[in-house]
A.B. asks: 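The structure that follows is given in the form of structure tokens.
Whatever order the structure lists them in is the order used to number ligands and atoms, beginning at 1.
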Amino acid sequence: MSSKQSVTVLGLGTMGSAITERLRETGHATTVWNRTAAKTEPHVKAGSTAAATVAAAVTAGDIVLVILLDHAAVHEHLEPVAVDLKDKVVVNLTTTTPNEARATAAWAAEHGITYLDGAILAVPEMIGASEALIFYSGDENAHALALPALESLGTARFEGGDPGIASLKDMALLSSMYLMLNGYLQAAAMMRTVGVPAADTAVDVTNWLSVILESLPHFGAIIDEGAYDPAAGQDVNFTRSALASLITASREQGVGADLLEPAKALLDELAATGRGSGDWPRIIELLTIK
Ligand code: FVH
């Protein structure tokens, strides 16, 4: 008999399935539940046990991993079984906002449930590899209890006692990813107007951004020190003018500038409020809603 923790997985979408498969590979007994029961079949064939109800599923495992679509689905299915969760460690890997994570942690605390919030910065194919980063936050004891199983899924990082921090970090990093990838789309749209394939622009953008990304620590230092003025690097006025050229060039090629214009508008606001000579990362001051 395995000495490894038994794990219940609620949710067999693409991520829940990848997690269940990895847990089996690493020797954990797994019990699975999914709203659409047919999705349990391949897992049963591969050695998992299917539970007909959420209550039966959570009763079976030492650890209950929740990987449903969203916050609403999590509460829809956990609230009716709160009593059954009391001697379990519940780890919620469903993507939720930081405040939703905090609300679930508060709900769990009210019901005496040992609860850990998690956020997966990976796609299903990465599960099990060290590149699969999974952030956890909230109850450190819950993290320690579940860690032997969680470590099999990827790199487990405990981010602190605020249950919302794991989600916040996940969402901050995803925000940076989408904004950066939109930058590539703008470049590809511009270059396609003269017949350059998007794949070629992907290579050029990768090379260019890898050089540019080296300046991020410098930006971080300027922001942390609030040392914008006088500008050590490119100032707001220069950057406004550069963005104005990019917007004009895009339009000349018949490409919209919808992605560039918001950044230009923020620079305009800095200039209009007497901050034109400061370093342009000062934009961050305008991102905080007061
Ligand atoms: N897949 C990914 O790349 C990302 C990576 C980062 C983290 N996300 C989050 O993981 C959660 C699950 O994502 P998923 O990829 O497994 O999603 P789906 O394949 O769409 O499966 C969704 C599962 O949720 C079940 N479900 C949906 N609504 C309900 C409900 N009201 N009650 C019970 N279960 C529900 C659905 O069941 P069914 O449709 O098969 O019956 C699937 O099991 C998610 O938070 C991602 O943001 C994945």
A.B. asks: I want to check something: taking the side chain as every heavy atom from C-beta on, are Ile222 and Arg282 in contact at a cut-off of under 4.5 Å?
C.D. replies: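 Answer no - side chains too far apart.
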A.B. asks: What residues form a side-chain hydrogen bond (donor to acceptor under 3.5 Å, both in side chains) with Ser250, not counting sequence neighbours?
C.D. replies: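 Partners of Ser250 under the side-chain hydrogen bond (donor to acceptor under 3.5 Å, both in side chains) test: Gln186.
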A.B. asks: Determine whether the side chains of Thr97 and Asn99 contain a donor N or O and an acceptor N or O closer than 3.5 Å.
C.D. replies: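 Result is no, nothing qualifies.
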A.B. asks: Hey, can you tell me if Tyr136 and His143 have their rings parallel, tilted or perpendicular (30° and 60° cut-offs)?
C.D. replies: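 Rings of Tyr136 and His143: tilted, 30 to 60°.
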A.B. asks: Anything with a heavy atom under 4.0 Å from ligand 1 counts, so go ahead and list those protein residues by chain and number.
C.D. replies: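 Answer by chain and number: Gly11, Leu12, Gly13, Thr14, Met15, Gly16, Asn34, Arg35, Thr36, Lys39, Ile67, Leu68, Leu69, Ala73, Glu76, His77, Thr94, Thr95, Ile120, Ala122, Val123, Pro124.
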A.B. asks: In this structure, is the centre-to-centre distance between the rings of Phe219 and Trp280 below 6.0 Å?
C.D. replies: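 Yes; Phe219 has its ring centre under 6.0 Å from that of Trp280.
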A.B. asks: Are the charged groups of Arg102 and Asp162 less than 4.0 angstrom apart, N to O?
C.D. replies: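 So Arg102 pairs with Asp162 through a salt bridge.
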